[in-house]
Amino acid sequence: MPPWRRTGLMVLACAVCLTGCATLGERESAASRAALRFERSVRQADWPRACAALAPQTRQELTESAKAPCAKALAEEKLPHAGALRGSEVYGQQAQVVLTTDTLFLSSFPTGWLITAAGCEPRSQQPYQCQVKGG
């Protein structure tokens, strides 16, 4: 194998390890930061930034059901001001972040953690009921 090819493979292997080997704590922290950024955008009525934090399928579902652009549709949802971080859990590419008055669900994308559901409340022996969610 030519030396340049061996070096290229080593660089690729290192890059994969650095991007895919984050600890569980690091992944939970990253998901929590994404959820708190989204919550801050909602609290400040920065709807374009809040829309940018939504997963593509969630954004599409929101705009199609409201028959309005994301910023207008999200503002009309009147999501709760979620408050402080209470905890987070990561399960593979999915995360659940619990804030004082809201629970958010996220998925990991190449660009980072994005919101798949917000305005979620637990229900007894049933899935969460979420105001904003993807299909």
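Note that this is a predicted model, so its numbers are computed, not measured.
Judged by distance alone, the side chain of Arg59 and the main-chain N or O of Leu54 form a donor-acceptor pair under 3.5 Å.
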Distance-only criterion, 3.5 Å: show the donor-acceptor pairs between side-chain atoms of residues 82-91 and protein atoms not counting sequence neighbours.
residue: Ser88; atom: OG; partner: Ser32; partner atom: OG; Å: 3.0
residue: Glu89; atom: OE1; partner: Tyr91; partner atom: OH; Å: 2.4

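Note that CG of Leu99 is 5.5 Å distant from CG of Leu36, once rounded to the nearest 0.5 Å. Interatomic distance, Arg49 CZ to Arg40 CZ, rounded to the nearest 0.5 Å: 8.0 Å. Interatomic distance, CD of Glu121 versus OG1 of Thr101, reported as 9.0 Å (0.5 Å rounding). For the atom pair SG of Cys120 and CD1 of Ile115, the computed distance is 9.5 Å after rounding to the nearest 0.5 Å.
Residues Leu104 and Phe38 meet the side-chain proximity criterion, which asks for heavy atoms closer than 4.5 Å. Side-chain contact between Ser108 and Gln94 is absent, with no heavy-atom pair separated by less than 4.5 Å.
Within the structure, every pair that satisfies the side-chain hydrogen bond (donor to acceptor under 3.5 Å, both in side chains) test and touches residues 73-84, not counting sequence neighbours, is listed here: Lys72-Glu76. A disulfide (SG to SG under 2.5 Å) check over residues 28-64, counting only residues at least two apart or in different chains, returns the pairs Cys51-Cys70.
Between Val42 and Trp47, the shortest heavy-atom contact is O-CH2, 3.8 Å. Summarising the geometry of Trp113 relative to Gly92, their closest heavy-atom pair is CH2-O, 4.3 Å, with the distance given to 0.1 Å. When all heavy atoms are compared, the tightest approach of Gly119 to Pro80 is CA-CD, 4.3 Å. Across Thr63 and Pro69, no two heavy atoms sit closer than the pair CG2-C, 3.9 Å. For the residue pair Gly134 and Thr58, the shortest heavy atom distance occurs at N-OG1, 3.5 Å. The heavy-atom pair separating Ala66 from Ala73 by the smallest distance is CB-CB, 3.5 Å.
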> Leu114 and Leu106: side chain to side chain contact (heavy atoms under 4.5 Å, CB included), yes or no, with the steps?
Replying inline: CA-CA 5 Å; Leu114 296 176; Leu106 301 88; over 6 Å; no

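When hydrophobic clusters are built by joining Ile, Leu, Val, Met, Phe, Trp and Tyr residues whose side-chain heavy atoms come closer than 4.5 Å, directly or via intermediates, Val97 is grouped together with Leu79.
Residues passing the side-chain hydrogen bond (donor to acceptor under 3.5 Å, both in side chains) test with Gln126 are Arg123, sequence neighbours excluded. Partners of Gln96 under the side-chain hydrogen bond (donor to acceptor under 3.5 Å, both in side chains) rule, at least two apart in sequence or in another chain, are Tyr128. Take Ser29 and apply the side-chain hydrogen bond (donor to acceptor under 3.5 Å, both in side chains) test, not counting sequence neighbours, and it matches Arg33.
With hydrogens and angles left out, the side-chain atoms of Gln60 and Glu64 include a donor and acceptor closer than 3.5 Å.
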